[in-house]
Amino acid sequence: MSIFGLKPNLENQFMFTRKQSFKTALCCLLILGCASITQAQRKEYLLQKGWKFTKGDQQNAQSSDYNDNAWQPVTVPHDWAIYGPFGSSIDQQKVQVVQNGEKEASVKSGRTGGLPFIGTGWYRLKFRAPEFSEGKNASIVFDGAMSHAQVYVNGQEVGAWPYGYDSFHFDITKYLKPGAENTLAVRLENFPESSRWYPGAGLYRNVHLIIAENAHIPVWGTYVTTPVIEKEFAKVHIKTNVEFISDKYQPLKLVTLIKDAQGKQVSETSSDLTPTDQNAFDQNLVVSKPELWSPETPVLYTAVSKLYQNGKQVDEYTTRFGFRTIAVEPGKGFILNGQVRKFKGVCNHHDLGPLGAAINKAALRRQITLLKDMGCDAIRTSHNMPAPELVELCDEMGIMLMVEAFDEWKTPKVKNGYSKLFDEWAEKDVVNMIHRDRNHPSVIMWSIGNEVPDQSAKGGNKIAKWLTSICHREDPTRPVTAGMDRIDAAINNNFASVLDIPGFNYKPARYEEADGKLPQGFILGSETASTVSSRGVYKFPAEPVKQKMYDDNQSSSYDVEYCTWSTLPDDEFAKQDDLKYVIGEFVWTGFDYLGEPTPYDSKWPSHSSYFGIIDLAGIPKDRFYLYRSRWNTNSPTLHILPHWTWPGREGQVTPVYVYTSYPSAELFVNGKSMGKQSKNPADRLGRYRLMWNDVKYQPGSIKVVAYDANGKAVADQTVKTAGKPNHVELTVDRKQIDADGKDLAYVTARVCDAAGNTCPDATNLLEFKVTGAGHFRAIANGDATNTQSFQQPQMNAFSGMLVGTVESGEGAGKIQVSVSGKGLKAGVIGIDAK
Ligand code: GAL
């Protein structure tokens, strides 16, 4: 089944068949306390501590003797804009969003989050690199810098990289001073009207300094593929680049070992560099009985590359990889390890809610943990390259990734967006994206763009072909896709046919018709739903409605509100279930994000999205359980909505919905049966939800009893009318965190009545106090209209809840968290930092 298994001579080639044709596609050095990774002669430093930062442009700030005493000390990753304050006039954009079907331009206030990301910022770091000496090599790697980075070492410009989402690196050997203090300075600049969402600002991802011997394996210097995977054995091909400064051929030798998930060596090979090898080793290894990587079994292997010069080891480089096959076939769709499967995916932006764009591995791990519980198996990194930490976690935790490059090509969506960079930078950006991430088993396809207006522009199909061929050239093992919204144009002008996987955004109604016109024989829902809702807010009547707005700038959590261009989850589900050739979906979005507050794009103070299945604080909305009931096939789902505290609604119709994986259920209101409901394939919503639309509200309780296929009662859930706010109840996602100064615990605070029921309307101001071996880091309540600071330890609850983020210090010990509110008994919880 796997193309790899079929034709060993076509190793490294991702292949796919089309309907009519068979086609081959193609320190502590530096600063005390900084983290370092040592492998033989290589030393890698994570440059996190000791930075100085200032906002605004500065003359001569790159020079070594510039006085930065007055600058702010910061730790990188750092997002200078997330500290606020919010402002309705920040980056106001008067635009007509054509892709949303808008007929005229309107002023959009919170489009990029209403946070101060625009302008220039400078970062400076003084460091010593004791391992660096004459004859050694030094490189600096930026995982991402927002944006238009200009990098200086000891006053000299070493390079620039404008696209804020891509990783880049420079050789700084000739700029670095051995045995002396060095100065690294970075100038960044963000322009107004350069984004459609909150981009963040600054050195928001990690910066690495790597010191190696003259002869070394360069940054992203290995490319591991697995051209043959059989039950009994697999072939591993590793291309390893080497770099050195010398006019002469160097007699280098490379020993490569492969270790399994337990660290046991399972293969080894060794080869000598010959003068015709062009500074790259090509090695083939065999691993017997390979364990396959999949979202359900994320097994990882490691290749350890040891470089020798004149018998002495000069470098050691490790690469994590996995064994898995991917293929796409007409009529079948996407095939992982020989099994056809449909993507249960979400699109996510890069921000981490109240942390802004500043990357944090614990925050990403929590996101993935929540998504996996929902049964999600894939993420689309919309609409840009992800942080490397996300890719590593997806490898480890089992999530398939669509890594996306761009939201714009040549034709702009925003005045100062990527279209300004495209001609000069697109190829370099795609090459870096692929070189950094092509060894990761989690990455199963590349996306060259999202809804690029070039779909319908002259020459757009040629750009699609060009970008696709760059991806195939750099990585022939993965298919290429793009998210298309202008499908008529894209089908007619061959834009769509250039792609290995045609991705449709919001077009379930067109799948059948389009299938007949596309050569691939399958279609991906590359972006779906865009249903809007606010956690815990319910509007009446509960009826499907488009572009609905209310005075409170909230959307209904009955999950029936959507946009002119979008759909309800149920509409996509039906097509996914009915059409074999539709290969899954990526829902817009897994998490709420900063910016794009549709449908309130022009109604400040809305400044974050309503699209998320999970809110900005990381609390699941009701919709989470609708997706869970369908996607999580390991653990049953039973979820009842709305809340049952409606003073003033007595006697009024208040529908009750149940999201469940069970086929039927019975509702009881104050003990009285409202009848049994079963899923009804003929009904738009009833096919996936159980609904009691005529229930009249009376205080008390609602209880749902679920029945299995044999009619046996197997589960129940009750929601009671809450009394007055009485106390704060705390829960934490992890009771034990690492004492590394970076790990995070998320403490959810709930305003409860005396009996422990959540008070669903509570908006009490809650204050966090964190003592002991950790500190308060950030706070969020998931309300898209809330302009309270994410960085102050107090905030009003939204729908009775909020979440505080606690960060460990560097010493082990107990962390105590107490959350208080006026007139409420405080909640207290302990966390261990180890
Ligand atoms: C899509 C777009 C996304 C987001 C979404 C909102 O058209 O690709 O980036 O804007 O609409 O529904």
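Each ligand, and each atom within it, is numbered from 1 in the order the structure gives. This one's a predicted model, so the numbers in the text were calculated from it and none came from an experiment.
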Legend entry - Nearest-0.5 Å distance, SG of residue Cys347 to NE2 of residue His383: 7.0 Å

Inset, instruction - Check whether NZ of the Lys or CZ of the Arg Lys548 lies under 6.0 Å from the centre of the six-membered ring of Tyr550 and within 45 degrees of that ring's axis. - result: yes

Legend entry - Minimum-distance protein heavy atom relative to atom 5 (C) of ligand 1: Glu527 OE2, 3.4 Å

Inset, instruction - Enter the distance from Ser608:OG to Glu596:CD here, rounded to the nearest 0.5 Å. - result: 11.5 Å

Inset, instruction - Indicate whether the side chain of Tyr165 and that of Asp407 have a donor and an acceptor atom separated by less than 3.5 Å. - result: no

Legend entry - N or O pair under 3.5 Å between Trp588 and ligand 1: no

Legend entry - Which residue and heavy atom of the protein sit nearest atom 9 (O) of ligand 1, plus the separation: His383 NE2, 2.6 Å

Inset, instruction - For atom 7 (O) of ligand 1, find the nearest protein heavy atom and state the residue, atom name and distance (0.1 Å precision). - result: Glu451 OE1, 2.6 Å

Inset, instruction - Evaluate the side-chain proximity of Lys410 to Val452: yes if any heavy-atom separation is below 4.5 Å, no if none is. - result: no

Legend entry - Closest approach of any protein heavy atom to atom 10 (O) of ligand 1, naming residue and atom: Glu596 OE2, 2.4 Å

Inset, instruction - Decide whether the shortest distance between a heavy atom of Trp565 and an atom of ligand 1 is less than 4.0 Å. - result: yes

Legend entry - Aromatic ring proximity, centroids under 6.0 angstrom, Trp197 and Phe611: no

Legend entry - Ser530, any N or O under 3.5 Å of ligand 1 N or O: yes

Inset, instruction - Would you check the N or O atoms of Asp407, main chain and side chain alike, for any that come under 3.5 Å of an N or O of ligand 1? - result: no

Inset, instruction - Answer yes or no for Arg630 and Phe573: cation-pi contact, defined as NZ/CZ to six-membered ring centre under 6.0 Å and angle to ring axis within 45°. - result: yes

Inset, instruction - May I ask you to check if ligand 1 and Asn450 share an N or O to N or O distance below 3.5 Å? - result: yes

